Each structure stands twice: as structure tokens, then as C-alpha cells.
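For clarity, every value in this text was computed on a predicted model and none was experimentally measured. All heavy atoms count here, side chains included; hydrogens, waters and symmetry mates do not. Chain identifiers are assigned alphabetically (A, B, ...) following the order of the sequence lines, protein sequences preceding nucleic acid strands; residue numbering begins at 1 within each chain.
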Amino acid sequence: MKRVEVRLSIQAVAPLLDLIKAVADELRATLAVPLALSEADAELAEVWSEDLLESQRDDCDRLFSLFDQEFFSEGVVAFDRDNAEPVLRACAALRLRFRATRLAEIPDDTLEALEASSTMGELNAEAQKAFACFMFLDELQKIILKYLDPMAVEEDE
Amino acid sequence: MILAADKTHSSPAAGDAVQTESPRVWRVVFLNDAVTRMSYAVMVLRKLFGFDEPTATKHMLEAHENGRSVVWTGLRENAEAYVFSLQQWHLSATIEPDEAS
């Protein structure tokens, strides 16, 4: 994968970063996807949890390293072979956490309708910001997936 | 990281005389979630299991429709490693014994 530079709207994205950071901080100690192992595998789950949390923290750190001086001056973030997959994973983890916490009250079908229309509907201000973060992280995933496999994202549409 | 190894369960009543081995074949079960982008799940299944696109898509759709899809069977140690990798990509999965084995 060659280096890909993407220009984002600083005005649209910068106000979301504080909330995304707050959710990422929660993921330093909580897995985005709870382990689905049986009770008999409790010892295994304990060992895995530590390793998975470390991986999750590293991925979120890679995501936030995108928003450096170049982003705040030019609005540009860059993906390459080294950071594409960690950022993709971080987006997945953060979206799951947003859904499980800040957007937990919204039924699945309502959220799907909101995603399809990309409108905020009747959400209150707090949920609107969470939904904007949720959609922004989805857009980042789409951009990366498109460069990893140009055909892949079209199948989602 | 992987504790693995097939476990041997002994019956207290039977003492040392009778031991039942757990199945030698285990399934990796990929579980659906309502949040993750489909193309992301397909990409991860292809990457981890070496599936071609139609096979990965079939498993993704099966999980989407039925809540679960068996994506791999084999030794428990390997099955655990696959589940760990899926969890690293934030895809929910579990292992279960293949009772037919």
C-alpha cells in the first residue's frame, strides 16, 4: 500500500476528537468486544484480556498519531503500510464502544436509518456528537478499506 | 499467550479407571455484531483464514443472518489462536467442541 494522504475538514473533525479521545481512554481498560469464552476457560480469558488490551491501546494510539501538527495546520492525515491496519482496528473498537455506551439507547433499526441518511434526526445534542464521531470513524474505515481493496467497500453500499 | 492443550476430564466416581478425552476437533465460531462494517469483516476473515472473497462473504452473511458461522475446525490450540486473532480485530468469536469428532 502506497502512502495515501487524505484531506479532512479541520472544522468538522477537530471538535470530535475530544469525545473520541474520551472513549479511547475507556478502551485502555475495557475490551471493545467482551471475550466469548466459556467459564471453563476463565484462566485463558484472563491471559488474553491483558494481551488484547495492550493491542487495543496501541491501535488507538496509532489512530491519534494521525491528528498531529500536519492535521491541525493542513487538515491532512496520511495512511501507509504501517498504520493502515492498526487505525482500521482502532476505528472498529471505537465504533463498538460508542454503540455500547453513548449510543446504547438508540434501537438498531433507528441507528441504521440514521446511518443511511447521515442525518441526526431527533437526537439530543450529546447523542448527535456521539453519532457524528461514529460516522466519522466509519468514513475513516471506508477510506482505508478502499485503498486496501478497492472493490470491498462497494459491496457495503 | 495461548494456554491451549486438550484437557482430559476424569470421572470422580470412576477413579483412575475411566477417563474421557475431550473432543480432538474444535470449531471456531464467528459471531455476528450489528455494528461492524461488512467489508471489514470480510477483509479480516480473508486475512486470517486465507479465504477467497466468496467464502469470506458467505461466512459473513451466515453470521449476519443466523448469528454465527463456523469458520474453521481443527486442533484446540489452533482454534484458540484463531479466536484470539479475531478478537484482536474486534470480531466476536468463540470455540466449541465438535461433538461429531
A.B. asks: What closest approach, in Å, do Val33(A) and Ser92(B) show between heavy atoms, and which atom pair accounts for it?
C.D. replies: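 Answer, listing the atom of Val33(A) first, then Ser92(B): CG1-CB, 3.7 Å.
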
A.B. asks: Using non-hydrogen atoms only, which part of Phe134(A) is less than 4.5 Å away from chain B: side chain, backbone, both, or neither?
C.D. replies: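 It is the side chain, since no backbone atom gets that close.
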
A.B. asks: So which heavy atom on Ser55(A) is nearest to which on Gln88(B), and how close?
C.D. replies: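 Looks like OG-NE2, 3.6 Å.
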
A.B. asks: Which answer fits Val83(B), side chain, backbone, both or neither, if we ask what part of it has an atom under 4.5 Å from a heavy atom of chain A?
C.D. replies: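 Both parts, backbone and side chain.
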
A.B. asks: Heavy-atom count around Glu46(A) CD within 6.0 Å, excluding the residue itself: above 12?
C.D. replies: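 No, because the 6.0 Å sphere around CD of Glu46(A) holds 12 heavy atoms or fewer from other groups.
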
A.B. asks: Do Val29(B) and Val42(B) belong to the same hydrophobic cluster, where Ile, Leu, Val, Met, Phe, Trp and Tyr are linked whenever their side-chain heavy atoms lie under 4.5 Å apart, directly or via other members?
C.D. replies: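 Shared cluster, no.
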
A.B. asks: In the structure I gave you, are the side-chain heavy atoms of Leu96(A) and Thr36(B) within less than 4.5 Å of one another anywhere?
C.D. replies: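 Yes. Closest side-chain heavy atoms under 4.5 Å.
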
A.B. asks: Is Ile143(A) reachable from Leu17(A) through a run of hydrophobic residues whose side-chain heavy atoms are each under 4.5 Å from the next?
C.D. replies: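 Cluster IDs for Leu17(A) and Ile143(A) match.
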
A.B. asks: Which atoms of Arg95(A) come close to chain B, meaning under 4.5 Å heavy atom to heavy atom: side chain ones, backbone ones, both, or neither?
C.D. replies: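 When you check distances to chain B, atoms from both the backbone and side chain of Arg95(A) fall under 4.5 Å.
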
A.B. asks: I'd like to check Lys142(A) versus Tyr40(B) (side-chain heavy atoms, cut-off strictly below 4.5 Å). Are they in contact?
C.D. replies: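 Of all side-chain heavy-atom pairs linking Tyr40(B) with Lys142(A), none is under 4.5 Å.
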
A.B. asks: Measure distances from Leu111(A) to the heavy atoms of chain B and classify the residue's part below 4.5 Å as side chain, backbone, both or neither.
C.D. replies: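 Neither; nothing under 4.5 Å.
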
A.B. asks: Hydrophobic cluster membership, with links at side-chain heavy-atom distances under 4.5 Å among I/L/V/M/F/W/Y: are Leu16(A) and Val35(B) in one?
C.D. replies: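 Yes, it is one cluster - the side chains of Leu16(A) and Val35(B) are joined through contacts under 4.5 Å.
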
A.B. asks: To the nearest 0.5 Å, what is the distance between CZ on Arg37(B) and CG on Leu145(A)?
C.D. replies: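 Rounded to the nearest 0.5 Å, the CZ-CG separation comes to 7.0 Å.
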
A.B. asks: Which atom pair, heavy atoms only, marks the closest approach of Arg89(A) to His90(B)?
C.D. replies: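 For Arg89(A) and His90(B), the tightest heavy-atom pair comes out as O-CD2, 3.1 Å.
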
A.B. asks: Is there a continuous path of hydrophobic side-chain contacts, each under 4.5 Å between heavy atoms, that joins Phe64(A) to Leu66(A)?
C.D. replies: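 Yes, one cluster joins them.
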
A.B. asks: Given a strict heavy-atom distance threshold of 4.5 Å, which part of Leu88(A) is in contact with chain B: side chain, backbone, both, or neither?
C.D. replies: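 Contact with chain B is through both the backbone and side chain of Leu88(A).
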
A.B. asks: Do Tyr147(A) and Val76(A) belong together in a cluster built from hydrophobic side chains that touch within less than 4.5 Å?
C.D. replies: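 Per the 4.5 Å side-chain linkage, Tyr147(A) and Val76(A) are not co-clustered.
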
